[in-house]
Every structure is written in C-alpha cells, then in structure tokens.
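First comes the structure, then the notes that go with it.
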Amino acid sequence: MKLLSLSVKALVVLSLCFTSFAFAQDDDGGPQTQGDDAVYGRVVVVKFKPGMRADAMAIISEHFMPAGKKAGVPAPWAFHFQTGDWDAAFTWKLEGGMKDLEWYTSPNNIKFMTALAELEGGMDAANALWAKYDSMVADSKAEVGHWHEPKDDK
C-alpha cells in the first residue's frame, strides 16, 4: 500500500504541476475558463523496460482489471501504441472534476487495493504484485486535461 500511495502521490503532484500553468493563463478577456461542458480526465503514458511489455500487460489484464471490477471502480480506457516513445496510455475520467486530484490516496484507490489484496491472498501479496509491475516500467508520465460534452437541454 505504501508503494501505491507513493506512486499516487507522485502522480497527483505531477498532475498539479502540469495543470497549474493552464489555469493561470490569461487572455485579453480575463482568466480562461473551461466552460460548463468541460469533463476532466487523467492520462498516464507508460514505457516498459525492454522485453517487459507483454508481462506487464498480462498483470494488468489478469490481476489489475479483475481487482478493479471487484472493487466497482471505473476501469481506464487503454490505448496500446504501435509507434512512438510510449507503449501504452491509460485514461481515467475524473468523475469529481479537478477535485479528484486533491486526494493523497483516493477512495477508489483504497477500494482497488483492498480488492487486489483479497484476490491475491493478502496485502503483502498485492504489494508484491504491484512492485513486480512497477519494476517493469522504465518511465511513465501523467497529464490532466479536459474535453467538452455539450449539456442536454432536455
């Protein structure tokens, strides 16, 4: 849990660093806003160590995805690259908007780790699996952004 907590804290700090500039920008009309139709999301891109991509993706599909389903937390949208510097991107919708970034460890992350521990035979085993996955990652980067979904006028 400590390793996950540190990873989550690092992602939150990185996310806040990358987003603070966008919210501080001004244009001629005053501070920029995203509008009422803005939906926020977090994207994490990952580069695996050489030869580790298949094993890392197996951990995700065979362990992490079932734990997320058991926990009832939203699964990320996963994109697997054929070209470029990254191997995969994982996108989560920030259901609570930018407030979701205020947690050191979010309620969904706690639910996920609890479910992973139940499936793996205890928290030590869950942390060991997370450490194994983390050892396969050469680099990762988190970004926060938004898209626009028009509101229904119905």
Side-chain angles (χ1 to χ4, degrees), residues 1-23 34 37-152:
M1 190 70 159
K2 186 175 182 180
L3 178 61
L4 176 63
S5 180
L6 290 175
S7 297
V8 172
K9 286 178 188 177
L11 287 174
V12 170
V13 170
L14 284 172
S15 297
L16 290 175
C17 289
F18 288 121
T19 59
S20 62
F21 175 75
F23 287 103
Q34 306 307 330
D37 62 347
V39 178
Y40 293 89
R42 183 180 76 226
V43 178
V44 176
V45 289
V46 179
K47 176 70 175 171
F48 297 110
K49 292 178 181 174
M52 295 285 111
R53 179 179 173 159
D55 291 341
M57 296 308 288
I59 289 174
I60 291 169
S61 64
E62 296 169 14
H63 299 273
F64 294 167
M65 296 304 275
K69 186 173 182 176
K70 178 178 179 61
V73 299
W77 182 77
F79 188 83
H80 306 221
F81 294 108
Q82 267 70 41
T83 62
D85 295 331
W86 302 98
D87 289 315
F90 303 96
T91 304
W92 290 265
K93 182 178 179 181
L94 298 176
E95 297 290 342
M98 293 299 286
K99 288 191 118 350
D100 283 0
L101 300 176
E102 295 176 0
W103 297 98
Y104 285 114
T105 305
S106 75
N108 279 348
N109 285 341
I110 292 169
K111 290 178 196 174
F112 170 82
M113 281 305 290
T114 300
L116 186 62
E118 289 173 10
L119 293 174
E120 297 300 318
M123 193 56 74
D124 287 343
N127 284 329
L129 180 64
W130 190 264
K132 180 178 179 180
Y133 169 80
D134 199 41
S135 75
M136 298 175 182
V137 175
D139 195 13
S140 66
K141 181 178 175 181
E143 300 281 2
V144 173
H146 72 278
W147 63 91
H148 295 275
E149 289 183 359
K151 303 275 186 213
D152 260 349

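Side-chain contact between F90 and V43 is absent, with no heavy atoms from C-beta onward closer than 4.5 Å. Using a 4.5 Å cut-off on side-chain heavy atoms (C-beta onward), M136 and I59 make contact. V144 has its side chain within reach of M98: a pair of non-hydrogen atoms, C-beta onward, lies under 4.5 Å apart. M113 has its side chain within reach of M123: a pair of non-hydrogen atoms, C-beta onward, lies under 4.5 Å apart. The side-chain heavy atoms of V45 and F79, taken from C-beta on, include no pair separated by under 4.5 Å. When side chains are defined from C-beta on, K93 counts as touching W147, because their heavy atoms get closer than 4.5 Å.
Heavy atoms from other residues, nucleotides or ligands lying under 6.0 Å from NZ of K69 number 12 at most.
Ring-plane geometry between F112 and W130 is classed as perpendicular, the angle between the planes exceeding 60 degrees on a 0 to 90 degree scale with a lower cut at 30.
The line from CG of L116 to NE2 of H63 is 8.5 Å long, rounded to the nearest 0.5 Å. Here the NZ-CZ distance, from K47 to R53, works out to 8.0 Å after rounding to the nearest 0.5 Å. Between the OG1 atom of T114 and the CG atom of L119 there is a distance of 11.0 Å, given to the nearest 0.5 Å.
Across E62 and P66, no two heavy atoms sit closer than the pair O-CG, 3.5 Å. Across all non-hydrogen atoms, the minimal contact from A115 to A67 is CB-O, 3.4 Å. Taking all atoms of both residues into account, the shortest heavy-atom contact from M65 to A75 is CE-CB, 3.6 Å. Nearest approach of F48 to D87, heavy atoms of both residues: N-OD2, 2.7 Å. The heavy-atom pair separating V44 from S140 by the smallest distance is CG1-CB, 4.5 Å.
In terms of modelled atom types and a separation under 3.5 Å, the side chain of D100 and the main chain of G96 share a donor-acceptor contact.
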